[in-house]
Amino acid sequence: MSTPDPSQTQNSAEAVREAQPKPAKARPGQRVNHASAAREFLQSPIHAQSHDERVWAMRQRRDAAAETIPEWEELRDLASQIKTHALTHLDEYLEQFADNAAANGVHVHWAGDAADHNRIVHEIFADHGVKKVIKSKSMLMEECGFRHYMEGVGIDIVETDLGERIQQLDAEDPSHVVVPAVHKMRSDVSQVFAKTLGSDPDNDDAHYLTEQQRQATRPLILDADAGMTGANFAVAETGGFVVCTNEGNADLSANVPNLHVASIGIEKIVPKLSDLGVFIRLLSRSALGSPITQYTSHFRAPKPGGEMHIVLVDNGRSKRLADERFWSSLKCIRCGACMNTCPVFRRSGGLSYGATYTGPLGLILDPSIDAYRYSNLPFASTLNGSCTNVCPVKINIHEQIFEWRQVLAEDDMIPWTKKSTLAAAGRTLASPRAYRAAIKSAHSALKHLPDWALYNKLNAWGQVRDLPDVPAEGSFHDWYRQHRLNKEDPTAGDRE
Amino acid sequence: MRIGLFVPCFIDAFYPQVGIATLELLERFGCDVDYPFDQTCCGQPMVNSGCHAEAAATEQLFVDNFADYDVIVAPSGSCVHQIRDNLTAVEQTAAVKHVRENTFELVEYLHDVLKVEAFPWAKFPHRVGYHDSCNTLRNLGHGKPSELRGPDFSKPRALLHKVEGIELVSPSRPDECCGFGGTFSVTEPEVSGRMGRDKIADHGRAGAEYIVSADTSCLMHQQGCAKRIGAPIQFKHIAEVLNGSAA
Ligand code: SF4
């Protein structure tokens with residue numbers, strides 16, 4: 001999938017003056033601090049509001065599109081069942097897929113991890129003397145750090161998806177799986193293009209910008225030695241795969257050069273061609289609210305005189321598949337609906353997650369990639385559950401976020417002060433007497449919310465909100481004793 | 001049929017009127033309600049942060065306090081969700097199972113069990129925006145969330161419609177989270193505050209004078225945000241409105 005028309009991005013005179021918020025990336029070995037990156041994002045009010053509104057608009061279009069399908073909820077059920085079946089028989093279907101692809105004349109490779117993937121593709125390129133590569137959008141290649149790897153070995157990679165190209169030119173990660181530059185305003189794009197493509201910095205007309213990019217990229221496409229794509233679905237019974245885009249750029253990447261390399265995560269397998277009837281109906285409706293992507297491209301064999309390679313990548317997937325609590329995250333079809341509905345994502349921007357996968361999906365995937373680095377992310381959620389309800393393959397996203405908190409707490413991946421404060425809260429709340437004493441002291445000097453009620457180091461509650469009033473009648477407990485129990489005895493009912 | 005009334009810690013400490021309204025309301029319908037005196041909390045503050053082991057003793061105390069009642073009722077969706085779905089740090093004995101299976105949130109109890117037809121004592125001549133807390137809506141099934149297709153229903157609105165004079169208004173994002181989220185409110189104060197202000201503003205644009213909800217913690221957060229920016233909107237728990245609280 002890809003970025004919708006940049007004319008949908010907003011612009012205004014003020015936006016030109018407000019620079020795009022760019023949170024610092026966590027250094028290797030450091031924890032991503034989502035809360036502080038989110039604070040920075042919110043300090044750019046024009047970007048923050050525009051982001052919330054634009055991403056919410058995608059959620060609304062998704063609702064409207066789903067409304068046109070009476071059997072929408074059954075479709076979600078079916079999609080979930082097909083994915084569950086495929087994942088629980090993954091070994092068989094992978095072999096079937098690989099055999100069929102090989103029979104179609106495709107070279108099939110198996111990559112255990114990101115490093116394997118990058119090395120295998122590098123070898124293919126070295127064999128063919130490839131120096132210049134065009135690629136369409138692939139989250140898997142982002143996950144593998146593929147572009148950086150290729151830069152290191154002197155191979156030029158050009159993104160052909162518009163949003164991804166903007167992000168590449170700005171040396172920034174994608175902020176959303178479907179719309180990688182959705183956090184940018186038109187004025188930001190005009191600045192990036194002015195610096196990198198030499199366009200007019202004061203012209204942020206969407207058509208002008210698109211045309212500039214097109215003129216700059218076309219020659220690179222025509223000149224490329226190899227093309228790369230990802231895949232949205234890999235069909236076991238045919239050995240073919242499907243790429244969904246709105247710009248047709250996957251077709252350029254696949255068809256212009258003679259060498260096509262497709263990187264496919266092993267979880268992309270569906271058993272039958274007819275299964276696509278379920279997933280294609282759900283994918284773009286869930287993502288952008290359109291009935292189908294502009295291009296649904298099926299690839300099965302190399303073009304005459306050409307060569308096609310498929311790299312099947314595990315990179316932690318089979319390990320996740322063995323995990324009872326989190327395996328179903330592999331059902332994901334990367335539609336981005338969970339991001340669009342997430343009130344935290346909309347108000348913090350994708351870059352605040354400091355990870356390949358952002359939003360609710362990121363919260364459940366990233367810690368499985370690096371638990372310490374991403375240990376804050378499962379806490380960047382209100383557990384509101386909206387993500388679970390929009391997910392077209394019915395992943396219990398918010399329950400997995402909740403599970404991750406437990407895993408991280410048990411593995412001592414949450415700050416020690418937090419854990420010890422909560423342990424103390426647990427002791428207070430397990431003792432009626434300590435609890436009553438704590439309420440009394442809170443009532444006598446309420447300067448911040450007590451830790452037993454809410455872990456509240458540094459009075460974070462009071463940063464943005466006022467405290468509740470101390471009730472004149474005392475606690476409910478006091479009231480009950482006075483009005484319903486022995487009115488004379490001030491200790492009536494209390495356990496010694 | 002003995003009902004054990006659970007008054008969660010936030011309500012006990014800061015919103016006793018919500019506990020009182022709940023008690024009185026149940027008594028108006030002839031319920032035999034008792035308030036076990038040694039109750040504290042359901043364990044949610046710890047569990048919400050992933051600290052299940054730290055919640056075990058609190059959960060055990062909760063079960064000890066309530067195991068002898070036929071039914072437990074609480075005016076708090078998030079606590080009922082904790083008890084029903086996440087009270088797992090203690091061994092799942094028969095008593096624990098009994099408590100978990102027989103705990104009801106107040107709206108559910110009035111709507112599904114007592115099947116209340118009328119609140120003749122209640123008048124609330126105001127424009128009210130009802131706040132579906134995420135726990136009541138998506139975890140307890142108070143209504144149809146906007147993400148799902150299917151017939152529309154809302155148990156709390158069905159009850160509020162029976163109150164004389166009330167006018168329900170709807171914000172443009174009807175069930176967007178208000179940003180409380182338990183620990184989230186303090187681990188991500190900026191995003192939480194922004195969500196709270198956005199929520200209040202959306203209700204304000206819809207013309208609400210009051211925001212009414214079945215979750216006190218969401219109300220405490222929204223009220224705190226409103227006070228901080230001087231927004232004139234007011235807040236009431238649904239128990240107070242149904243019990244005939246004047247404005
Ligand atoms: S988790 Fe579900 S909603 Fe989110 S991107 Fe994946 S398929 Fe879409």
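Values below: every heavy atom of this structure, side chains too, minus hydrogens, waters and symmetry copies. Since the structure is predicted, the reported quantities are computational estimates derived from the model, not experimental observations.
With a 4.5 angstrom heavy-atom cutoff, A:S431 touches chain B only via backbone atoms. Looking at B:E59, neither its backbone nor its side chain comes within 4.5 Å of chain A, counting heavy atoms on both sides. Heavy-atom distances place no part of B:I229 under 4.5 Å from chain A, backbone and side chain included. If you measure heavy-atom distances from A:W56 to chain B, the contacts under 4.5 Å come from the side chain alone. For A:I69, no part lies under 4.5 angstrom from a heavy atom of chain B.
Partner of A:N384 under the side-chain contact (heavy atoms from CB on, under 4.5 Å) criterion, out of B:C178, B:S133, B:C134, B:P145: B:C134 alone. Under the side chain to side chain donor-acceptor pair (under 3.5 Å) test applied with B:R149, the options A:E73, A:E67, A:E71 reduce to a single match, A:E67.
Here B:Y15 and A:F476 keep their ring centres 6.0 angstrom or further from each other.
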Could you walk me through whether B:N139 and A:L383 pass side-chain contact (heavy atoms from CB on, under 4.5 Å), step by step?
CA-CA 10 Å; B:N139 290 324; A:L383 302 176; over 6 Å; no
side-chain hydrogen bond (donor to acceptor under 3.5 Å, both in side chains) for B:T183 and A:R405? Distances and angles first, verdict last.
CA-CA 11 Å; B:T183 329; A:R405 291 184 181 184; 4.8 Å; no
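Residues B:E176 and A:R59 are not paired through a salt bridge, judged by the lack of any N-O separation under 4.0 Å between the basic side chain and the carboxylate. Between A:D469 and B:K227, at least one side-chain N (NZ, or NE/NH1/NH2) sits under 4.0 Å from a carboxylate O, which counts as a salt bridge. Salt-bridge check for A:D52 with B:R173: passed, with a basic side-chain N closer than 4.0 Å to an acidic carboxylate O. Of the charged side-chain nitrogens involved, at least one lies within less than 4.0 Å of a carboxylate oxygen, so that A:R484 and B:E27 count as a salt-bridged pair.
Shown here for B:E188 and A:F379, the closest heavy-atom pair between the two residues is CG-O, 4.4 Å.
Remark: side-chain polar atoms of A:S475 are not paired, donor with acceptor, to backbone N or O of B:A13 under 3.5 angstrom. The closest donor-acceptor contact from the side chain of B:R194 to the backbone of A:R347 lies at 3.5 Å or more, if one exists at all.
Looking at B:T58 and A:R427, their side chains never bring a donor and an acceptor atom within 3.5 Å of each other.
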